[in-house]
Q: 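One structure, pasted below without further comment.
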2 protein chains.
Amino acid sequence: MDTANHNDLQPTFRALADPTRREILLLLSQQDMSIGEVCEHFEVTRAAVKKHLTILEEGSLITVRTHGRERINHLAPSGLKQVSDWMSYFDQFWTERLGRLQQAIERNNVAGKSKKNTKGS
Amino acid sequence: MDTANHNDLQPTFRALADPTRREILLLLSQQDMSIGEVCEHFEVTRAAVKKHLTILEEGSLITVRTHGRERINHLAPSGLKQVSDWMSYFDQFWTERLGRLQQAIERNNVAGKSKKNTKGS
DNA sequence: TTGACATAATACCTTTTGGTACTGTAATTT
DNA sequence: AAATTACAGTACCAAAAGGTATTATGTCAA
């Protein structure tokens, strides 16, 4: 079982919570990169990028492979899959609710009335 | 298009980055609740819960409806859907990679070997 | 060795989180 | 109507975590 209890998701959600790190994921989705190459796409120092990469690695969102004296960062599917699995629990939910909402809107349009609820004191 | 550019995702990812807030989402997936009811499931004060609910609302993960002197919190599908959409970009990715892994495993099973896949990546 | 790249430790600042206390508002009671 | 009770929201404060830059140290190749 590679999937995680929702407790194990914390490092992954934490990693995804930063926009720079999400950008890095998009970068790595197109091409594996060394830390130096990743740096070229951002205005921050290498040290900052390195910390982001470490956090991404802790979230199982990337893996790093040593290649000579360079360390190549790859996108790792497992972290993303774990989050996807966690969210799939809610799929039933928003599928159902959005469907109902849309039905209600369409019914309102047909009926033509959306007046606010009256309030007496 | 109601969905957001990935910039708008920040409040949602931020909201999901806290384990208490994820717990609240699971709670609300089973039943709409007032803030007081949510509090009963946690050890923190109502003020703290209220802040979590505000952040969840900013992430379009819940909606709040006033009902007399109570405010009922509901699960909101839209934020979850936005994250789901963002992640679907990577689907091709880990579907491809995990798919390859799974094929390898199945091939091993058919061949009569259940031994772990070679370290691969 | 030097030069180039990677990692580690530290410091500074911002954001986040949770607490207490106070305020606001709606329903209830007298 | 006025006072009381119940539920919710806001303001301020302290503690903790997060992000970045700087500086120093380590590693590898020429």
Side-chain angles (χ1 to χ4, degrees), chain A residues 7-28 31-74 79 116-121, chain B residues 7-25 27-28 31-74 76 79:
Chain A
N7 285 335
D8 302 311
L9 291 173
Q10 182 56 25
T12 307
F13 273 114
R14 178 173 97 99
L16 289 173
D18 184 276
T20 300
R21 290 194 285 266
R22 293 198 299 277
E23 281 290 332
I24 291 175
L25 289 181
L26 290 173
L27 269 181
L28 294 181
Q31 185 183 341
D32 297 342
M33 290 185 190
S34 69
I35 180 174
E37 291 171 307
V38 174
C39 284
E40 294 172 6
H41 295 78
F42 298 95
E43 296 298 315
V44 296
T45 62
R46 180 180 284 114
V49 169
K50 165 58 179 165
K51 290 200 176 178
H52 284 310
L53 290 172
T54 299
I55 292 174
L56 287 169
E57 197 177 4
E58 289 170 355
S60 301
L61 290 164
I62 68 172
T63 55
V64 186
R65 187 188 55 195
T66 298
H67 212 258
R69 75 173 169 185
E70 287 193 338
R71 315 235 316 147
I72 306 299
N73 302 275
H74 321 256
K116 268 293 201 224
N117 184 18
T118 66
K119 180 74 183 73
S121 67
Chain B
N7 287 334
D8 303 310
L9 289 174
Q10 184 53 26
T12 307
F13 273 115
R14 179 175 92 106
L16 289 173
D18 185 276
T20 299
R21 290 195 285 267
R22 293 198 299 276
E23 279 290 332
I24 291 176
L25 288 181
L27 269 180
L28 294 180
Q31 185 184 339
D32 296 341
M33 290 186 188
S34 69
I35 181 174
E37 290 172 308
V38 174
C39 284
E40 293 171 6
H41 294 78
F42 298 95
E43 296 298 316
V44 295
T45 62
R46 175 162 40 221
V49 169
K50 164 62 178 162
K51 289 176 189 176
H52 284 309
L53 290 172
T54 299
I55 292 173
L56 286 169
E57 199 178 1
E58 289 170 355
S60 303
L61 289 164
I62 67 170
T63 56
V64 186
R65 187 187 54 194
T66 299
H67 211 258
R69 69 178 167 187
E70 291 190 337
R71 312 245 308 152
I72 306 300
N73 302 273
H74 320 256

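Here is how names work: the chains are called A, B, and so on, in the same order as the sequence lines, proteins then strands, and each is numbered from 1.
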Q: Send over the distance from A/Arg71 CZ to C/dT7 P, rounded to a whole Å.
A: 5 Å
Q: Taking the side chain as every heavy atom from C-beta outward, state whether B/Leu16 and B/Arg21 have any atom pair closer than 4.5 Å.
A: no
Q: Between B/His52 and C/dG18, is there a contact of a side-chain N or O with OP1 or OP2 at under 4.0 Å?
A: yes
Q: What is the distance from atom CD of A/Glu40 to atom CD1 of A/Ile35, rounded to the nearest 0.5 Å?
A: 11.5 Å
Q: Any donor-acceptor pair under 3.5 Å between the side chain of B/Lys51 and the base of C/dG19?
A: yes
Q: Is the phosphate of D/dA8, meaning OP1 or OP2, less than 4.0 Å from a side-chain N or O of B/Ser34?
A: yes
Q: I need the A/Lys51 NZ to A/Asp18 CG distance, nearest 0.5 Å.
A: 13.0 Å
Q: Take the protein atom CZ of A/Phe13 and the nucleotide atom P of C/dT16, then report the distance between them rounded to whole Å.
A: 18 Å
Q: List the steps, then state whether side chain to side chain contact (heavy atoms under 4.5 Å, CB included) holds for B/Phe42 with B/His52.
A: CA-CA 12 Å; B/Phe42 298 95; B/His52 284 309; over 6 Å; no
Q: Quick one: does B/Glu70's side chain have a donor or acceptor within less than 3.5 Å of a partner on B/Met33's backbone?
A: no
Q: Let me check something: any side-chain donor-acceptor pairs from residues 56-67 of chain B under 3.5 Å, sequence neighbours excluded? List them with distances.
A:
residue : atom : partner : partner atom : Å
B/Glu58 : OE1  : B/Arg14 : NH2          : 3.3
B/Thr66 : OG1  : B/Arg71 : NH1          : 2.7

Q: Can you tell if the side chain of B/Gln10 reaches within under 4.5 Å of the side chain of A/Arg22, non-hydrogen atoms only?
A: yes
Q: Could you check which of C/dG19, D/dG19, D/dA8 has an atom nearest any side-chain atom of A/Asp18?
A: D/dG19
Q: Which letter, B, S or -, goes with each nucleotide of nucleotides 22-30 of chain D from 5' to 3', with contact meaning a protein heavy atom under 4.0 Å?
A: B-----BS-
Q: If you compare every side-chain N and O of B/Lys50 against the phosphate oxygens of D/dA8 (OP1, OP2), does one of them come in below 4.0 Å?
A: no
Q: Once you round it to whole Å, what is the distance between C1' of D/dG18 and CD of B/Gln10?
A: 13 Å
Q: B/Arg46 side chain N/O closer than 4.0 Å to the phosphate oxygens (OP1, OP2) of C/dG18?
A: no
Q: Could you state the CZ-C1' distance from B/Phe42 to C/dT17, rounded to the nearest angstrom?
A: 15 Å
Q: How many whole angstroms separate atom CG of A/Asn73 from atom P of C/dT7?
A: 9 Å
Q: Could you tell me which non-hydrogen atom of B/Asp32 sits nearest to which non-hydrogen atom of B/Glu37, and how far apart they are?
A: O-OE1, 4.3 Å
Q: In whole angstroms, how far is the P atom of C/dC5 from the CD atom of A/Glu37?
A: 11 Å
Q: Between OG1 of B/Thr20 and CG of B/Leu53, what distance do you get to the nearest 0.5 Å?
A: 11.0 Å
Q: At a heavy-atom distance below 4.0 Å, what parts of residues 53-66 of chain B sit against DNA chain C?
A: B/Ile55
Q: Mind calculating the distance between CZ (B/Arg14) and C1' (C/dT15) to the nearest angstrom?
A: 9 Å
